[in-house]
Amino acid sequence: MAQPKVEKFVTAIDIGSWKVSALIAGRTENGELAILGTGQRESRGVRRGFIADMERTELAVRETVEQAERVAGTNIEDVWVSFSGGSLVSDVVTVERDMGGYRVEQADIDDLLTTGQQGIDPEGRVVLHAQPTCFTINGRVPVKKPLGMHADLLGVDIHVVLADGAPLANLDLCVRGAYLNVNSIVASPIATGLACLSEEERDLGVALVELGAGVTNVSLYAGGMLVGLHSIPIGASDITDDIASAFGIRRSQAERIKCFYGSAMQNRRDFRDMIEIATPHGDVAIPGQSAGPNADGGKITRAALVAVICERLNQIMVEVNAALAGMGFNTPTGRQVVLTGGGAEMKGIADYAQGALGRAVRIGRPRGLAALPEAHSGPAFATLAGLALYGASNPVDLRTIAPAPQTVHRIGAPAWWQRMVKAMKTNY
């Protein structure tokens with residue numbers, strides 16, 4: 001059977017603190033988005049989502065894309081790039097328009113969104129995204145589609161994602177230095193949500209926790225849109241560093257031990273299972289150092305390893321809980337949490353998070369892509385897959401709309417979250 005013809009290429013690059021990965025996808029004539037090639041390299045120039053070494057990052061991007069191009073058998077020029085730095089912040093802007101009781105026409109909605117664009121105040125930051133989240137009629141009735149309805153007052157809540165300009169400029173320079181054109185820089189939580197969350201989950205309300213290497217991003221979805229975002233400058237690489245420090249070994253060995261033997265849940269056998277942390281020649285991992293105070297002759301119990309892991313996980317989950325509470329995610333509606341990112345691949349992490357957060361937790365894996373390699377089907381590659389889906393859909397963003405006079409009000413997190421809850425109860 002002949003392969004379907006590719007009508008459009010979409011290339012995504014995820015530049016993280018632990019790895020740089022690329023994906024080339026093609027939209028076929030039947031509308032399916034199929035994976036054509038992938039690439040991956042170690043990230044040595046990124047810290048906490050920020051570029052720390054431009055030369056190393058540029059080289060990693062170039063090598064990663066070249067690897068994906070060889071697999072796909074094509075050359076690409078335009079790419080979609082993710083940004084997961086800790087400077088990501090969110091805001092909600094409410095814009096209202098007097099309708100005088102008349103029916104809402106498309107021109108009224110367009111004018112309202114145009115007004116909302118002018119009402120965004122980045123306060124010295126760069127606007128990454130500006131997307132409508134919820135329309136309202138007469139200031140209190142949430143609706144999904146106001147077109148054709150009579151209203152005295154038509155309003156919309158616009159969710160805005162902001163970031164510091166300098167880190168974005170550095171990221172853009174690294175990608176362009178690899179002879180690539182940047183279509184757009186996309187906030188990691190938006191891309192990840194497209195890949196991991198179903199349409200129903202985004203409508204009913206769900207929290208998405210991305211446990212990356214250097215940053216943990218916590219985002220809320222409701223009414224089909226991203227409505228809240230908070231970044232925590234702690235990630236899975238901190239667990240690796242804790243293991244290396246506790247047992248006096250190299251980071252590379254600590255990462256290997258974490259991946260092969262690590263777990264977020266402890267059982268009785270862990271106190272009997274021993275893990276060898278010495279080299280095959282009997283030397284400790286770092287010349288001149290002992291194997292650490294918790295090691296016994298170059299060996300440790302698995303229980304000691306799990307204890308170190310859980311100590312850092314507890315700190316992360318405390319921060320996640322505080323972020324969820326601060327964004328108003330403490331109502332009976334929308335109790336589920338989706339955990340993704342490289343840290344979500346740890347054994348027992350879902351059960352641990354469920355106990356720590358007091359909410360139902362599942363592991364988010366990428367979906368919606370055909371021919372996705374098994375090695376790229378885990379939660380560590382959710383952002384990469386979401387970037388491809390985002391690039392293929394090319395969603396409307398209010399940043400491209402011309403400005404107009406407006407009446408703008410800012411509302412706190414509890415207010416707009418309660419509005420979302422009311423909207424979901426009304427529509428479901």
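Start at 1 with the first residue, then count along the sequence. No hydrogens, no waters, no symmetry mates; every other heavy atom, side chains included, goes into these values. Owing to the predicted nature of the structure, the values given are computational and were not obtained by experimental measurement.
- Using a distance-only test at 3.5 Å, with no hydrogens or angles considered, a donor-acceptor pair links the side chain of His129 to the main chain of Ala187.
- The backbone N or O of Leu197 sits nowhere less than 3.5 Å from a side-chain atom of Tyr221 that would complete a donor-acceptor pair.
- Between Val10 and Arg27, the closest side-chain pair of non-hydrogen atoms is not below 4.5 Å.
- The main-chain N or O of Gly348 is never found under 3.5 Å from a side-chain atom of Asp351 such that the two would form a donor-acceptor pair.
- Of all heavy-atom pairs spanning Val95 and Gly116, the tightest one is CG2-CA, 3.4 Å.
- For Ser43 against Val20, the heavy-atom pair with the smallest separation is CB-CG2, 3.9 Å.
- Ring orientation note: the planes of Trp80 and Tyr390 are nearly perpendicular, at an angle over 60° on the 30°/60° scale.
- Between the side chains of Thr94 and Asp157, at least one donor N or O sits under 3.5 Å from an acceptor N or O.
- Side chains of Glu210 and Ser188: a donor on one and an acceptor on the other come within 3.5 Å.
- Under the 3.5 Å distance criterion, the side-chain polar atoms of Ser17 are matched with a main-chain donor or acceptor of Gly49.
- Between Met274 and Ile300 the shortest side-chain heavy-atom distance does not fall below 4.5 Å.
- Here the shortest heavy-atom pairing between Gly386 and Leu194 reads O-CD1, 4.1 Å.
- At a cut-off of 3.5 Å, with distance as the only test, a side-chain donor of Arg41 or Gln67 sits close to an acceptor on the other residue.
- Of all non-hydrogen atoms in Leu113 and Pro132, the two that sit nearest each other are CD2-CB, 4.1 Å.
- A side-chain donor from one of Lys258 and Thr240 sits under 3.5 Å from a side-chain acceptor of the other.
- Ionic pairing of Glu66 and Arg62 is not present here: no N-O contact between side-chain nitrogen and carboxylate oxygen is shorter than 4.0 angstrom.
- Looking only at atom types and distance, the side chain of Arg312 has a donor-acceptor partner in the side chain of Gln315 under 3.5 Å away.
- Residue Lys8 comes nearest to Ala392 through the heavy atom pair NZ-O, 3.9 Å, listed as atom of the first residue, atom of the second, then distance.
- Cation-pi geometry between Lys19 and Phe381 is satisfied (NZ or CZ under 6.0 Å from the ring centre, within 45° of the ring normal).
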Original post:
Under the side chain to side chain contact (heavy atoms under 4.5 Å, CB included) criterion, do Ile13 and Leu387 qualify, and how do the steps go?
Top reply: CA-CA 8 Å; Ile13 302 178; Leu387 275 175; 5.8 Å; no
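- Looking at Gln336 and Arg362, their side chains come closer than 4.5 Å, going by heavy atoms from C-beta outward.
- Between the Thr216 side chain and the Ile232 main chain, no donor and acceptor come within less than 3.5 Å of each other.
- Checked by atom type and distance alone, the side chain of Ser219 never pairs as donor or acceptor with a backbone atom of Gly228 at under 3.5 Å.
- With a 6.0 Å cutoff to the six-membered ring centre and a 45° limit on the axis angle, Arg268 does not count as a cation-pi contact of Phe271.
- Checked for salt-bridge contact, Arg48 and Asp238 meet the test: a charged N lies under 4.0 Å from a carboxylate O.
- Although no hydrogens or angles enter the test, the distance criterion places a donor-acceptor pair under 3.5 Å between the side chain of Asp53 and the main chain of Arg56.
- Residue Val156 comes nearest to Thr136 through the heavy atom pair N-OG1, 4.4 Å, listed as atom of the first residue, atom of the second, then distance.
- Using a cutoff of 4.0 Å between basic side-chain nitrogens and carboxylate oxygens, Asp241 and Arg251 are scored as salt-bridged.
- A donor-acceptor pair is defined here as one N or O able to donate and one able to accept, closer than 3.5 Å; no such pair exists between the side chain of Asp172 and the backbone of Val175.
- Side-chain atoms of Val79 and Asn181, non-hydrogen and from C-beta on, never get closer than 4.5 Å to each other.
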